[in-house]
Amino acid sequence: EAGVAQSPRYKIIEKRQSVAFWCNPISGHATLYWYQQILGQGPKLLIQFQNNGVVDDSQLPKDRFSAERLKGVDSTLKIQPAKLEDSAVYLCASSLEDWSYGYTFGSGTRLTVV
Amino acid sequence: AQKITQTQPGMFVQEKEAVTLDCTYDTSDQSYGLFWYKQPSSGEMIFLIYQGSYDEQNATEGRYSLNFQKARKSANLVISASQLGDSAMYFCAMREPRPGGGNKLTFGTGTQLKVEL
């Protein structure tokens with residue numbers, strides 16, 4: 001089966017600009033996650049979707065970050081305006097209801113804000 | 001309190017030797033799961049092994065085994081016969097149920113493993 005697809009792979013923007021990331025989960029995976037991984041740290045959950053509904057967005061900086069999951073499939077994560085501290089890898093993951101198979105991660109988008 | 005604690009920022013092991021990466025966790029739930037992921041320099045997160053809280057036997061997947069000690073709340077990863085390709089960052093993660101349904105996955109800070117000749 002195809003894995004979790006993410007684009008772009010890399011992005012460099014200036015502070016105060018906006019940026020969007022795209023994720024296509026594995027077909028049939030109802031749950032989709034966006035994680036932020038700052039260099040040298042473990043991934044931190046930003047938002048979790050179950051189908052097209054938000055389950056948890058408690059750690060999403062809502063003044064600048066937004067996310068949506070269209071029709072319960074693809075998802076986009078947007079940052080507007082970006083800050084220097086947003087430089088990180090943004091990982092998308094999806095999972096089945098049976099989580100014993102693990103969460104499948106995409107390759108991530110490496111964002112550099114200058 | 002940290003949910004997942006990995007106390008070894010970095011580890012070295014010689015090729016063909018076994019290595020243990022430590023992980024302790026904190027939860028009051030009875031139903032939970034522990035995962036280990038490998039993250040090479042390319043950045044992808046690769047699922048290695050899973051242990052459910054009710055599983056009586058330690059999980060094994062090829063050269064990976066999980067030493068699950070429930071009373072001590074530890075879930076250490078053992079890699080046998082280390083290979084150069086095992087050099088990567090390793091993350092321990094815990095799945096906990098949410099009060100309203102679904103699950104939450106929380107990661108530790110990771111251990112950087114370097115396999116040497």
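Chain A is the first sequence line, chain B the second, and so forth, proteins listed ahead of strands; every chain is numbered from 1. Below, each value reflects all heavy atoms present in this structure, side chains not excepted, and no hydrogens, waters or symmetry copies.
- Looking at B/Q39, only its side chain comes within 4.5 Å of chain A, counting heavy atoms on both sides.
- The aromatic rings of A/F65 and A/Y90 lie tilted to each other, with the angle between the two planes from 30° to 60°.
- If you check the side chains of A/T31 and A/Q50, you find a donor sitting under 3.5 Å from an acceptor.
- Just one residue in the list B/R95, B/K3, B/E96 forms a side-chain hydrogen bond (donor to acceptor under 3.5 Å, both in side chains) with B/T27, and that residue is B/E96.
- For A/Q48, the part sitting under 4.5 Å from any heavy atom of chain B is the side chain, from C-beta outward, and nothing else.
- Looking at heavy atoms from C-beta onward, B/R63 lies in side-chain contact with B/S80 at the 4.5 angstrom threshold.
- For a residue to count as touching a neighbouring chain, one of its non-hydrogen atoms must lie under 4.5 Å from one of that chain's; by this rule A/Q37 touches chain B with the side chain only.
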